[in-house]
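Just so it is clear: chains get the letters A, B, ... in the order the sequence lines come, proteins before strands, and each one is counted from 1.
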Protein chains: 2
Amino acid sequence: MQDVATRAGVSRALVSMAIRGMEGVSAESKALILDAAAELGYRHNAVAAQLAARHSKSLGFFLLDIYNEVFADIFTGLRTRAEARDTRVVLSVGQPSPEAERRHVDGLLTAQVGTVVFAGTMLPDEALEFIARTVPVVTVTRLVPGIDSVACDDYLGGDLATKHLLEAGHRSVAYFGPLAGGLYPDRRNGYRNAMEQAGLQPRVIDAELNQLDAARAATELLQSEHRPTAIFAHNDIMAIGVMEAAAELGLDIPKDLSVIGYDDTRVSRLHRVGLTSVNQQASRLGEIAGDLALRRMNEQGGVAQHTLLTPHLVARSTVGTVS
Amino acid sequence: MQDVATRAGVSRALVSMAIRGMEGVSAESKALILDAAAELGYRHNAVAAQLAARHSKSLGFFLLDIYNEVFADIFTGLRTRAEARDTRVVLSVGQPSPEAERRHVDGLLTAQVGTVVFAGTMLPDEALEFIARTVPVVTVTRLVPGIDSVACDDYLGGDLATKHLLEAGHRSVAYFGPLAGGLYPDRRNGYRNAMEQAGLQPRVIDAELNQLDAARAATELLQSEHRPTAIFAHNDIMAIGVMEAAAELGLDIPKDLSVIGYDDTRVSRLHRVGLTSVNQQASRLGEIAGDLALRRMNEQGGVAQHTLLTPHLVARSTVGTVS
DNA sequence: TTGTATGCGTTATCAT
DNA sequence: ATGATAACGCATACAA
């Protein structure tokens, strides 16, 4: 930096300001400095800059599962906002275990991010609140008390999906989803409520949040005595697992079994798949989370903001009618 | 850190060594220090640490497309290796434009990563070589002269796929892939060579590396006068685009059209899709890239290492026979 | 609009 | 095995 300053005939401080695009630098000085930097092949050292700045402007983003398109959509949405205010986003990709998740959060914190946004998390509310005492936190996809959150109305989504099945004449509808930790209960509750409203018995099947375990659970259920005529899965990945299991058993969808997923991912849209699903506006969720996080960088304190988007059902061809 | 040292009754230097698990600190001192750190809620500041260390041990990972599962697999493979040698990996997710890619690389470099591995890149060899003069570079999925690289034999993969089609009796086989930049020519060349060997006319269709553009190109080709009986696509995403276009046109796969993809991704394995594809051992690619990158952190210089894995074809149900 | 001085939290060197 | 101290590359308050 000193070399650049010397070459441009100015001080180091001015170089610093010019490079970061601060105001208070004359246009000609700035040009001189930028030229000198380019000629010298100078590269701004972000780590030194952050250390000197005494505060972090970088935004940590934790993403639960890199194989789940929803999180990619959320990331994409958030990135547009971060780029617009040119703040660096430090990505951390989760692994399916709570302890791994703690490690990743720790990594984000030692990387000195200014905020951390969780796109999906297996951490309980208390853990999140604890982290929030250190650094501003925003959660996406889940509303947690006292913490900035954005989500899509899962209860309504569950209601929508279930009623869609009910309207098609189904009476025996099972829900597939993870029970562990009681972390994402709303879709299940929406389902449960809709069933009970219709005077029907809810049937909740506990399965992990991945294709394989959903397939395992479905294989078991579909061979049981009272096989349901429809299954509502917690997300598309699990729904795909159910469909695979059904195919394996020689069951036709939607003739023998109807299936609804959640997330409206690319695979659900394929002609060959045509999975009816619930769209939760993932990229919009990401944008809002980005705005929230960016705001928190500047003004801490104040009351936590909760935003709830509205889901909509996308009907395709995995739901059949039952007389 | 000073507080921790005081509380543990030792010097700052010793705290630094204890926290990083270096040798040369007695077990009892270490225990004392770790306890003090925990009680004080001390968190190691990675940015200060890196600045003081005068060299970076973090590994930059650029991933071309977050929606392409292959890159996720590569990342996963690389991460296992990085974790084993506990080095932090700084992720950078690409956007479909070369200029965006340059920005991302720049971001990695100003973040002071010690190595950068490219999982897919649209940058020309020269640009990569230029970057390699600043920091050790390793490319995955593409072999570039003078730079550590790991890839799977694309030429052989192209050959495998084409011959599979030829053996099923196809004579009119088109290849779908990106021509721009001439960046990934081997699959195409493997195809071309296999066709010519069989005395057939290669038919290369230029399409961008995404589902939509593949679908657009396929819609056009499949309505043309001499419609091919089979299409070999550069990757599964494009193959899916072709299949969607075919479905839209009312063509049956594999009766009216055979399709082969590349990457053997999850979607290709679905019963309803059953896309014949070429597996390129993506996670293994990532592991090797990780090893290469880790090695380069310690010993720079020397000759670049190139590793070429062997692909294999996974036959499913999108290839039909032609008499 | 520009220059100077100070310190950010750590690592590494050297001494003990 | 442990302690003192000089960097690391930059941002920023303050003076000019």
Q.
For A:R7, is there an ion pair with A:D35 - N to carboxylate O distance below 4.0 angstrom?
A. no

Q.
Counting only side-chain heavy atoms from C-beta out, which of C:dA12, D:dT12, C:dG9 sits nearest to B:A53?
A. C:dA12

Q. Do any of residues 6-19 of chain A sit with a heavy atom less than 4.0 Å from DNA chain C, and if so which?
A. A:V10, A:S11, A:A13, A:L14

(Q) Between A:R284 and A:E287, does any side-chain N to carboxylate O distance fall below 4.0 Å? (A) yes

Q.
For A:E28, is the CD atom crowded, meaning more than 12 foreign heavy atoms sit under 6.0 Å from it?
A. no

(Q) Go nucleotide by nucleotide along DNA chain D from the 5' end; which of B:S26 and A:H55 gets its closest nucleotide reached first? (A) B:S26

Q) Between B:E299 and B:R295, does at least one N-O distance fall below 4.0 Å, as a salt bridge requires? A) yes

Q. What nucleotide among D:dT2, D:dA11, C:dA12 has an atom nearest to a side-chain atom of A:M1?
A. D:dA11

Q.
So if I take every side-chain heavy atom of A:A49 and compare against C:dT11, C:dT2, D:dC10, which nucleotide ends up nearest?
A. D:dC10

Q. Between B:L51 and B:M22, who's closer to the 5' end of DNA chain C by nearest nucleotide?
A. B:L51

Q) Between A:R43 and D:dC10, does any side-chain N or O lie under 4.0 Å from OP1 or OP2? A) no

Q: Compare the minimum distances between each of C:dT2, D:dC10, C:dT10 and the side chain of B:A48, then state the nucleotide with the smallest one.
A: C:dT10

Q | Side chain of A:A52 - closest among C:dA12, C:dG7, C:dG9 | A | C:dG7

Q: Specify whether A:H234 and A:Y184 have parallel, tilted or perpendicular ring planes, treating 30° as the upper limit for parallel and 60° as the lower limit for perpendicular.
A: perpendicular

Q. Going by an N to O cut-off under 4.0 Å, is there a salt bridge joining A:R142 and A:D125?
A. yes

